[in-house]
Amino acid sequence: MLKLYYHPSPNPAKIALYLEEAGLDYEMIPVDTRKGEQHEAAFKKINPNAKTPALIDADTGATVFDSTAILLYLADKTGQFALPADPQVKAQALSWLMFIATGIGPYSGQCVHFRHFAPAGNEYGLNRYDYEAKRHWQLIDDHLAEHAYMAGEQYGLVDIALWGWCAPLPFIMGDDDAWSKYPNIKRLFDEINARPAAERAQAVKAQHAFKSEMDDDARKQMFPHNH
């Protein structure tokens with residue numbers, strides 16, 4: 001049995017998709033970050049970085065945190081959605097996987113923070129992260145203009161990693177029409193959403209009533225540096 005420590009946000013979503021695609025038995029353990037549960041000592045023993053997702057594998061006794069590490073761990077363990085064997089294709093897969101981990105995720109997250117949650121007067125920060133988020137997403141869209149999938153000729157691990165960040169794209173950009181600017185990403189996103197595993201992954205968040213309000217207490221839990 002696998003235990004997935006989950007909050008309904010982009011990085012945990014990609015792990016839920018992998019688990020559903022691979023048909024693996026797992027238990028969803030809710031971590032309500034707006035209530036500050038990620039800061040509890042018991043969870044920080046699992047992930048000292050106090051972020052979701054995290055995974056405990058009862059079969060091996062392994063504990064894994066960081067969504068990219070979890071994807072690679074599960075692919076290595078199960079052989080499902082493993083990185084391509086061909087060295088050139090594998091190199092591309094690793095490159096794009098890390099691009100999502102170190103570029104798409106962090107810049108999109110900071111763009112959301114400065115656009116939607118930071119106090120007024122942070123125009124420089126918003127401009128910086130808005131520019132970088134758009135630049136990173138454009139590189140993905142340009143790549144998908146020439147390739148059906150992120151790596152190789154088949155749906156794979158990199159596509160699963162990207163999917164987690166696609167749903168909030170209009171919110172990230174502060175633009176309800178954002179999808180019109182990234183038609184190639186939208187094409188892949190729609191294709192993945194049509195898969196039964198994606199529907200099941202999206203339903204995981206309904207297993208627990210996560211706090212949705214970004215009230216003062218939630219801000220304190222999410223952004224402790226301001227309190």
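Just so it is clear, the model here is predicted, and its values are computed rather than measured.
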Decide if the gap between the ring center of H208 and the ring center of Y6 is smaller than 6.0 angstrom. no
Can the ring centres of Y131 and Y107 be said to be less than 6.0 Å apart? no
Polar side chain donor-acceptor pair, E37 to Y5, under 3.5 angstrom: no
Side-chain donor-acceptor pair present, E21, Y155, cut-off under 3.5 Å: yes
If you round to the nearest 0.5 Å, how far is [atom2] of [Y] from [atom1] of [X]?
X    : Y    : atom1 : atom2 : value
I160 : K14  : CD1   : NZ    : 11.0 Å
E27  : D25  : CD    : CG    : 11.5 Å
R115 : D130 : CZ    : CG    : 4.5 Å
Y73  : T63  : OH    : OG1   : 9.0 Å

Start with the C-alpha distance between F223 and H113, add both sets of side-chain angles, then the distance that settles ring-ring contact (aromatic ring centres under 6.0 Å, His included), and finish with yes or no. CA-CA 9 Å; F223 318 124; H113 178 78; 4.6 Å; yes
Could you walk me through whether Y182 and M173 pass the side chain to side chain contact (heavy atoms under 4.5 Å, CB included) check? CA-CA 12 Å; Y182 305 101; M173 300 301 178; 3.6 Å; yes
Given side chain to side chain contact (heavy atoms under 4.5 Å, CB included), test L169 with K186 step by step and report yes or no. CA-CA 10 Å; L169 186 59; K186 186 64 163 58; over 6 Å; no
Check the surroundings of atom [atom1] in [X]: do more than 12 heavy atoms from other residues, nucleotides or ligands lie under 6.0 Å from it?
X    : atom1 : result
N49  : CG    : yes
K181 : NZ    : yes
K211 : NZ    : yes
K77  : NZ    : yes
Q80  : CD    : yes
D59  : CG    : yes

Taking side chain as C-beta onward, heavy atoms only, is [X] less than 4.5 Å from [Y]?
X    : Y    : value
P53  : I70  : yes
L97  : T68  : yes
H7   : F210 : yes
L162 : I192 : no
M214 : R219 : yes
D159 : F81  : no
I140 : W96  : yes
M222 : R34  : yes

Identify the two heavy atoms, one from [X] and one from [Y], that lie closest to each other, and give their separation to 0.1 Å.
X    : Y    : value
D32  : A209 : OD2-O, 4.1 Å
M150 : L188 : CG-CD2, 4.4 Å
T33  : Q221 : O-CB, 3.7 Å
H136 : F99  : CD2-CZ, 3.4 Å
P106 : A101 : CD-O, 3.2 Å
L2   : L19  : CD1-CD2, 3.7 Å

Determine whether L83 and L72 satisfy the following criterion, side chain to side chain contact (heavy atoms under 4.5 Å, CB included), listing intermediate values before the conclusion. CA-CA 8 Å; L83 293 175; L72 289 169; 4.0 Å; yes
Under a 3.5 Å distance rule, please check whether [X] uses its side chain to pair with a backbone N or O of [Y] as donor and acceptor.
X    : Y    : answer
Q92  : A151 : no
D141 : I185 : yes
R200 : A16  : no

Should the pair K220-D216 be classified as a salt bridge under the 4.0 Å nitrogen-to-oxygen rule? no
Can you tell me which residue among Q154, E191, H143 is in a side-chain hydrogen bond (donor to acceptor under 3.5 Å, both in side chains) with Y149? E191
What about [X] and [Y], same hydrophobic cluster or not, with Ile/Leu/Val/Met/Phe/Trp/Tyr joined at side-chain heavy-atom distances under 4.5 Å?
X    : Y    : value
L157 : V89  : no
W163 : W179 : yes
I56  : V204 : no
W165 : I15  : yes
I46  : Y26  : no

Given the rule in the side chain to side chain contact (heavy atoms under 4.5 Å, CB included) test, do H116 and F171 qualify, once you have shown the distances and angles that lead to the verdict? CA-CA 9 Å; H116 298 289; F171 185 68; 3.5 Å; yes
